[in-house]
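Worksheet: one structure, shown below.
Along the sequence shown, the residues carry numbers beginning at 1.
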Amino acid sequence: MQGTGIVRRIDELGRVVIPKEIRKTLRIKEGDPLEIYTDKDNLVVKKYSPISSINDFVKIVADGIEEITEKVCLITDNDSVLYLSKGKMKEVIGKTITNNLEKVLKERKSIFSSRTDGGTIIPIIDGVDLELENQIIVPIISSGDCYGACILFDSDKSSRFKAEDIKLVQLGASFLSKQFE
């Protein structure tokens with residue numbers, strides 16, 4: 001493991017301040033949950049993603065939605081892509097979501113948009129252009145907390161999402177949110 005060159009002392013209550021530079025790099029904000037554990041002789045502190053603890057459900061929901069709609073389904077937490085249906089584009093799993101998508105999640109609002117109809121498409125993944133034409137973004141919300149999003153998208157200029165597609169994505173997000181109650 002490479003050292004950062006930053007040294008901090010533990011105070012009398014056992015607290016350590018994580019330097020601003022590291023918090024910024026890892027997108028750790030006030031109130032974010034952190035997981036703390038030991039690995040051999042190392043103390044490991046990492047950002048905790050509650051939704052990653054239900055990864056089997058995430059896969060089932062995303063693959064099920066794709067099977068019914070024949071569109072790509074993607075599930076994120078509040079920082080990165082957790083799963084992309086049917087193993088498509090595996091290289092995007094773990095990639096950071098865009099600030100635009102993060103803002104949508106913070107606002108806890110759903111987005112249904114088609115570029116052909118003049119709608120605004122929200123970029124999903126930092127540094128990756130998915131060339132989207134249509135998208136549905138539904139935040140996964142439980143007890144007032146947003147855990148991520150269920151997203152359905154395609155690149156077909158001639159297609160539009162149907163009301164049933166929107167309801168299915170809403171159902172998927174709702175099912176995932178129920179896992180936290």
ring-ring contact (aromatic ring centres under 6.0 Å, His included) contacts touching residues 26-56 (sequence neighbours left out): none

Salt bridge (Lys or Arg N to Asp or Glu O under 4.0 Å): pairs with one or both residues in residues 117-143, sequence neighbours excluded: Arg115-Glu133, Asp117-Arg160

Ile28-Val45 co-clustered via ILVMFWY side chain contacts under 4.5 Å: yes

Considering only residues two or more places apart or on different chains, which pairs with a residue in residues 161-181 satisfy ring-ring contact (aromatic ring centres under 6.0 Å, His included)? Phe57-Phe175, Tyr147-Phe180

Intermediate values then yes/no, side-chain contact (heavy atoms from CB on, under 4.5 Å), Leu34 and Ile18: CA-CA 11 Å; Leu34 299 175; Ile18 300 171; 3.8 Å; yes

So how far is it from Asn99 CG to Lys103 NZ, rounded to the nearest 0.5 Å? 10.5 Å

To the nearest 0.5 Å, what is the distance between CG on Leu84 and CD1 on Ile124? 9.0 Å

Smallest heavy-atom separation, Ala173 atom then Ile140 atom, equals O-CG2, 3.8 Å

Which of these, Ile137, Val169, Ile111, sits in a side chain to side chain contact (heavy atoms under 4.5 Å, CB included) with Ile151? Ile137

CG on Leu132 to CD1 on Ile122, rounded to 0.5 Å: 10.5 Å

The criterion is side-chain hydrogen bond (donor to acceptor under 3.5 Å, both in side chains); which residues satisfy it with Lys109, sequence neighbours excluded? Glu107

What about Leu152 and Ile68, same hydrophobic cluster or not, with Ile/Leu/Val/Met/Phe/Trp/Tyr joined at side-chain heavy-atom distances under 4.5 Å? yes

Could you tell me whether the side chain of Thr69 and the main chain of Lys71 form a donor-acceptor pair under 3.5 Å? yes

Give the cluster check for Ile141 versus Leu74: same hydrophobic cluster or not, with ILVMFWY residues linked at side-chain heavy-atom distances below 4.5 Å. no

Heavy atoms, side chains only, cut-off 4.5 Å: are Cys150 and Ile65 in contact? yes

With sequence neighbours excluded, give me every side-chain hydrogen bond (donor to acceptor under 3.5 Å, both in side chains) pair touching residues 9-23. Asp11-Arg15

Do Ser159 and Asp154 get their side chains close enough for a donor-acceptor pair, meaning under 3.5 Å? yes

Decide whether Val72 and Ile60 are clustered together by the hydrophobic rule: side chain heavy atoms of Ile, Leu, Val, Met, Phe, Trp, Tyr closer than 4.5 Å, transitively. no

Between Ile75 and Ile51, is any pair of side-chain heavy atoms under 4.5 Å apart? yes

Please check if atom NZ in Lys29 has more than 12 non-hydrogen atoms from other residues, nucleotides or ligands closer than 6.0 Å. yes

Taking side-chain hydrogen bond (donor to acceptor under 3.5 Å, both in side chains) as the definition, give me every residue that meets it alongside Ser114, ordered by chain and number, with sequence neighbours left out. Asn134

Between atom CG of Leu101 and atom OG1 of Thr96, what is the distance when rounded to the nearest 0.5 Å? 11.5 Å

Hits for side-chain hydrogen bond (donor to acceptor under 3.5 Å, both in side chains) against Glu67, two or more places apart or cross-chain, chain-then-number order -> none

Name all pairs fulfilling the ring-ring contact (aromatic ring centres under 6.0 Å, His included) condition that reach into residues 109-131, sequence neighbours left out, sorted by first residue then second. none

Would you say the side chains of Asn100 and Thr98 form a donor-acceptor pair under 3.5 Å? no

Any chance you could measure Ile93, atom CD1, to Thr76, atom OG1, to the nearest 0.5 Å? 12.5 Å

Pairs touching residues 165-181 that satisfy salt bridge (Lys or Arg N to Asp or Glu O under 4.0 Å), sequence neighbours left out: Lys178-Glu181

Which heavy atom of Val61 sits nearest to which heavy atom of Gly172, and what is that distance? CG1-CA, 3.7 Å

Ignoring hydrogens and geometry, is there a side-chain-to-backbone donor-acceptor pair from Asn78 to Cys146 under 3.5 Å? yes

With distance as the sole test, does Lys47 use its side chain to make a donor-acceptor pair with the main-chain N or O of Arg27 at under 3.5 Å? yes

Are the side chain of Ser177 and the backbone of Ser174 linked by a donor-acceptor contact shorter than 3.5 Å? yes

Value for CG (Leu82) from CD1 (Ile97), rounded to nearest 0.5 Å, stands at 9.5 Å

Other cluster members, Ile10 - Ile/Leu/Val/Met/Phe/Trp/Tyr, side-chain contacts below 4.5 Å: Val16

side-chain hydrogen bond (donor to acceptor under 3.5 Å, both in side chains) against Lys95, all qualifying residues, sequence neighbours excluded: none

Determine the minimum heavy-atom distance between Ile6 and Pro19, stating which atoms define it. CG2-CG, 3.3 Å

Is there a side-chain contact (heavy atoms from CB on, under 4.5 Å) between Ile136 and Phe153? Walk through the geometry before answering. CA-CA 6 Å; Ile136 302 169; Phe153 65 87; over 6 Å; no

Please confirm whether the backbone N or O of Val44 pairs with a side-chain atom of Asn42, one donor and one acceptor, at under 3.5 Å? no

Residues 135-145 vs side-chain hydrogen bond (donor to acceptor under 3.5 Å, both in side chains), sequence neighbours excluded, gives none

